[in-house]
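Okay, structure first, notes after.
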Amino acid sequence: MSEKKPFYLTTPIFYPNAKLHLGHAYTTTISDTLVRYRRLMGQETYFLTGSDENTQKMVDAARKVGEDPIAFLDDIVSTFKGLYAELGISYDQFIRTTDQQAHWPGAQLLWKKLVDAGDIYKKEYEGLYCVGHEAFVTEKDLVDGKCPDHATAPEKIKEENYFFKLSRYADTLKEKIASGALKIIPETRRNEILSFISSGLEDVSFSRPRKTDWPPGLGIPVPGDDSQVMYVWCDALSNYVTALGYGRDDALYQKFWPGIHVLGKDILRFHAAIWPAMLLSAKLPLPAMLLVHGFVTSGGKKMSKTLGNVIDPEELLAEYGVDALRYYLTRHINPFEDGDITREHFKEIYNANLANGLGNLVARIMKLAEDHLEGGTKPESADFSKNYTDAFERFEINHAIDEAFRHVQLLDQKITATEPFKLVKSDPEAGKKLIFDLTRELLGIGQMLEPFMPETSKKIKEAVITDKKPTTLFPRKE
RNA sequence: CGCGGGGUGGAGCAGUAGUAGCUCGUCAGGCUCAUAACCUGAAGGUCGCGGGUGCAAAUCCCGCCCCCGCAACCA
């Protein structure tokens with residue numbers, strides 16, 4: 001460990017038009033695990049998450065239940081925070097894009113930088129507008145020339161928007177990504193985006209006319225043109241720097257930017273093309289890295305209400321507890337590919353690895369310790385195996401936790417081979433020494449588990465330190 | 001010819017060139033400290049199909065079949 005650079009990590013900011021689902025819980029949990037690891041290594045960290053609030057979808061959702069959009073937002077955001085609390089997400093800040101103090105000044109400053117660079121221009125946009133949707137639709141959305149949801153033909157209307165000259169940055173982006181100045185992990189995602197950029201980038205629309213039904217406080221006004229509000233790119237992506245104080249008090253920004261963005265494969269293009277292009281235009285440092293994960297599927301298919309294969313994180317939390325869910329998400333979902341979860345598999349894994357494996361091991365060692373040792377042991381500075389730290393350096397968190405569970409198996413084998421429960425009778429001194437060593441190894445497992453299963457980690461460490469067998473950590477489920 | 005991912009013992013997965021591994025399940029044995037848990041051993045796979053390169057391929061190349069996701073203003 002040479003110098004410890006500050007470590008800044010972000011999750012995407014999620015849409016508050018519905019409750020968070022397991023996919024959101026996944027992104028957030030692996031992000032939390034990565035941050036906790038860095039903290040464990042003694043690095044200074046800053047962990048950002050938040051919500052993307054200036055959206056028509058949210059307004060629609062609010063109206064559907066007859067609520068005021070702003071009140072609706074507050075309700076949904078509190079459910080986000082509630083879920084994060086249950087999941088043990090150790091975020092430092094929750095940024096909301098309706099936050100006029102924390103977010104708007106930075107977003108507007110960024111916009112002005114893009115204007116100064118000559119990259120914002122006005123253009124007439126012509127498209128098919130569906131009155132029912134209050135939004136533009138595309139040709140292929142239509143059935144027999146009509147909107148399938150509203151059975152009406154869309155109107156062709158013209159709208160004047162601001163555009164951002166994304167096209168101008170294609171070559172530079174390509175070079176930055178190819179050279180690794182902007183790292184994209186895994187490599188398949190990097191190749192994917194490189195080939196996408198090679199096929200050319202078009203300018204993107206960057207604003208929308210202010211909707212009359214949007215309440216004040218929703219939608220960031222375009223600097224110098226109150227008739228327009230920012231569209232999602234400058235409005236939302238900018239959160240990664242505004243949260244740190246860009247555009248207001250930027251001490252945190254100076255300290256922590258650039259950081260690492262964790263994101264799902266579906267939003268790769270925005271994070272690998274539009275966002276870095278904005279930063280290039282504004283002459284700000286690019287993100288250090290994009291970590292792109294896959295989707296959590298259920299039964300091999302993307303979760304959807306129509307298929308009825310949706311698994312609510314709350315349901316698993318209620319039945320199995322936070323650490324069981326974190327365990328499944330971090331070990332049994334490959335971080336860089338799609339991973340699957342079913343109730344059946346979850347239960348199988350729970351019983352095999354948590355009840356019979358880790359939980360049982362803690363019980364058998366701590367029973368021996370409680371009966372035969374006088375007093376516990378103090379933890380020394382943890383010594384993490386190379387397998388463990390290397391896996392984290394590669395962001396392969398599933399392999400890092402594998403290492404912890406490999407030690408569970410090794411300890412079970414060691415107990416069978418050395419029979420401390422016999423030795424302590426035939427040779428009490430040697431037996432106690434052996435049991436003591438077992439508790440120390442168990443402590444090591446507890447330390448390795450901290451980023452993944454913080455509550456369990458704490459219980460194991462406390463058990464060893466106080467020399468007391470804890471209550472059953474993971475009761476077997478029948 | 002749109003882009004990407006996947007197809008490995010009954011089930012779920014790991015494994016990107018050098019004797020095919022893990023979890024569950026099955027069968028047999030051991031242990032008794034532990035959550036009827038733990039440990040050992042066995043059965044079970046021509047690694048989707050066909051071709052190619054290599055001394056050697058699940059692993060690289062070509063073709064094909066099947067499944068899944070995305071296809072820019074949509075997180």
Side-chain angles (χ1 to χ4, degrees), chain A residues 11-17 21 23-24 27 51-52 55 57 125 127 135-136 138 140-141 161 163-164 166 186 188-189 191-193 195-196 199 201-206 208 231-233 236-237 263-271 273-274 292 294-295 297 299-302 331-334 336-342 344-349 351-372 396 398-399 402 405-406 408-409 411-425 431 435 438 469 471-478:
Chain A
T11 73
I13 53 175
F14 302 122
Y15 257 172
N17 55 349
H21 56 65
H24 300 114
T27 303
S51 53
D52 175 10
T55 76
K57 272 187 190 169
Y125 175 80
F136 285 97
T138 59
K140 63 186 177 195
D141 292 330
N161 292 333
F163 276 70
F164 170 64
L166 178 62
T188 54
R189 295 298 165 207
N191 295 340
E192 186 181 339
I193 201 69
S195 88
F196 171 70
S199 69
L201 295 176
E202 288 174 25
D203 293 350
V204 287
S205 89
F206 226 53
R208 290 283 185 272
Y231 189 57
V232 60
W233 315 126
L237 291 167
L263 52 132
K265 62 182 183 179
D266 54 329
I267 50 175
L268 173 61
R269 290 178 179 186
F270 316 142
H271 285 78
I274 299 176
V292 188
F295 285 143
T297 61
K301 308 231 165 143
K302 194 171 172 179
R331 189 173 186 209
H332 295 279
I333 304 286
N334 182 318
F336 301 121
E337 288 172 21
D338 289 356
D340 202 59
I341 186 168
T342 59
E344 295 71 28
H345 191 232
F346 192 99
K347 184 169 149 186
E348 175 191 317
I349 288 298
N351 280 330
N353 302 329
L354 296 182
N356 299 350
L358 180 62
N360 182 58
L361 179 72
V362 171
R364 65 195 304 212
I365 292 178
M366 289 318 301
K367 180 65 163 66
L368 288 167
E370 196 175 79
D371 289 350
H372 300 288
E396 294 170 359
N398 53 336
H399 293 142
D402 276 346
F405 276 82
R406 197 172 65 80
V408 171
Q409 189 176 29
L411 267 188
D412 269 328
Q413 290 167 338
K414 182 171 177 177
I415 293 170
T416 303
T418 57
E419 300 185 310
F421 41 88
K422 281 187 188 166
L423 186 62
V424 79
K425 289 173 188 157
I435 293 167
L438 291 172
K469 180 175 175 246
T471 53
T472 304
L473 295 181
F474 301 101
R476 213 186 140 80
K477 302 279 184 185
E478 295 309 329

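The basis for the numbers below is simple: all heavy atoms, side chains too, and nothing from hydrogens, waters or symmetry mates.
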inquiry  = The side chain of A/Lys422 is closest to which nucleotide in this list: B/rC33, B/rA72, B/rU32?
reply    = B/rU32

ask   = Under 4.0 Å between a side-chain N or O of A/Lys469 and OP1 or OP2 of B/rU35?
value = yes

message = Regarding A/Gly264, tell me which of base, sugar-phosphate or nothing describes its non-hydrogen contacts under 4.0 Å with the strands shown.
response = nothing

query = Can you check the A/Glu192 CD to B/rA71 P distance for me, whole Å?
reply = 11 Å

query = Is A/Thr342 touching bases, backbone alone, or none of the nucleic acid, heavy atoms closer than 4.0 Å?
reply = nothing

note = The Watson-Crick or G-U wobble partner of B/rG69, with both key distances under 3.5 Å, is B/rC3

query = In the strands shown, is B/rC13 matched to any nucleotide by a Watson-Crick or G-U wobble pair with both distances under 3.5 Å, and which?
reply = B/rG21

inquiry  = In whole Å, measure the gap between the C1' atoms of B/rA14 and B/rG21 for me.
reply    = 7 Å

task = Looking at every strand, decide which applies to A/Ala352 at a 4.0 Å heavy-atom threshold: base, sugar-phosphate, or nothing.
result = sugar-phosphate

Selection from B/rG6, B/rU35, B/rA72 that lies nearest to any side-chain heavy atom of A/Thr472 = B/rU35

query = Quick one: which of B/rC3, B/rC33, B/rA14 gets closest to the side chain of A/Lys367?
reply = B/rC33

request  = May I ask you to say what A/Asp340 touches in the nucleic acid, namely base, sugar-phosphate or nothing, with a heavy-atom cut-off under 4.0 Å?
outcome  = sugar-phosphate

ask   = Nearest to the side chain of A/Lys425 - B/rC24, B/rC73, B/rC33?
value = B/rC33

inquiry  = Once you apply a heavy-atom cut-off of 4.0 Å, does A/Asp338 come out as touching a base, just sugar-phosphate, or nothing?
reply    = nothing

ask   = How close or far is atom C1' of B/rC13 from atom CD of A/Glu348, stated in whole angstroms?
value = 10 Å

key: Between B/rA37 (C1') and A/Asn356 (CG): distance, integer Å   = 6 Å

remark   = Between A/Ile349 and A/Pro420, whichever has its closest RNA chain B nucleotide further toward 5' is A/Ile349

inquiry  = Classify A/Asn360 by what it touches in the nucleic acid, base, sugar-phosphate, or nothing, heavy-atom distance under 4.0 Å.
reply    = base

query = What distance, rounded to whole Å, do you find between the two P atoms, one in B/rG18 and one in B/rC27?
reply = 36 Å

remark   = Separation of B/rA71 atom C1' from A/Ile267 atom CD1, nearest Å, is 16 Å

inquiry  = By nearest atom, which of the nucleotides B/rC39, B/rA72, B/rU23 is closest to the A/Asn353 side chain?
reply    = B/rU23

query = A/Phe270 vs A/Trp233 aromatic rings, parallel, tilted or perpendicular, using cut-offs 30° and 60°?
reply = tilted

inquiry  = Distance check, C1' atoms only: B/rC67 and B/rC49, in whole angstrom units.
reply    = 15 Å

query = Phosphate oxygens OP1/OP2 of B/rU23: is one of them under 4.0 Å from a side-chain N or O of A/Gln409?
reply = yes

inquiry  = Pairing check on B/rA28: which nucleotide meets the Watson-Crick or G-U wobble criteria with it, both distances under 3.5 Å?
reply    = B/rU40

ask   = Within the structure, does a side-chain N or O atom of A/Gln413 lie under 4.0 Å from either OP1 or OP2 of B/rC38?
value = no

inquiry  = If you compare every side-chain N and O of A/Asn334 against the phosphate oxygens of B/rA14 (OP1, OP2), does one of them come in below 4.0 Å?
reply    = yes

request  = Could you tell me the separation between the CG atom of A/Leu368 and the C1' atom of B/rC31, rounded to a whole number of Å?
outcome  = 14 Å

request  = Establish, with yes or no, whether the OP1 or OP2 oxygen of B/rA37 is under 4.0 angstrom from a side-chain nitrogen or oxygen of A/Arg476.
outcome  = yes

ask   = For A/Tyr231 and B/rC74, is the shortest distance between a side-chain N/O and OP1 or OP2 below 4.0 Å?
value = yes

Atom C1', compared across B/rG4 and B/rG51: separation rounded to whole Å = 25 Å

message = Counting the atoms with a prime plus P, OP1 and OP2 as sugar-phosphate, which does A/Ile365 contact under 4.0 Å by heavy atoms, base, sugar-phosphate, or nothing?
response = nothing

key: Among B/rC24, B/rC74, B/rC38, the one nearest A/Lys57 by side-chain distance   = B/rC74

query = Quantified in whole Å, what is the C1' atom distance between nucleotide B/rU59 and nucleotide B/rC47?
reply = 10 Å

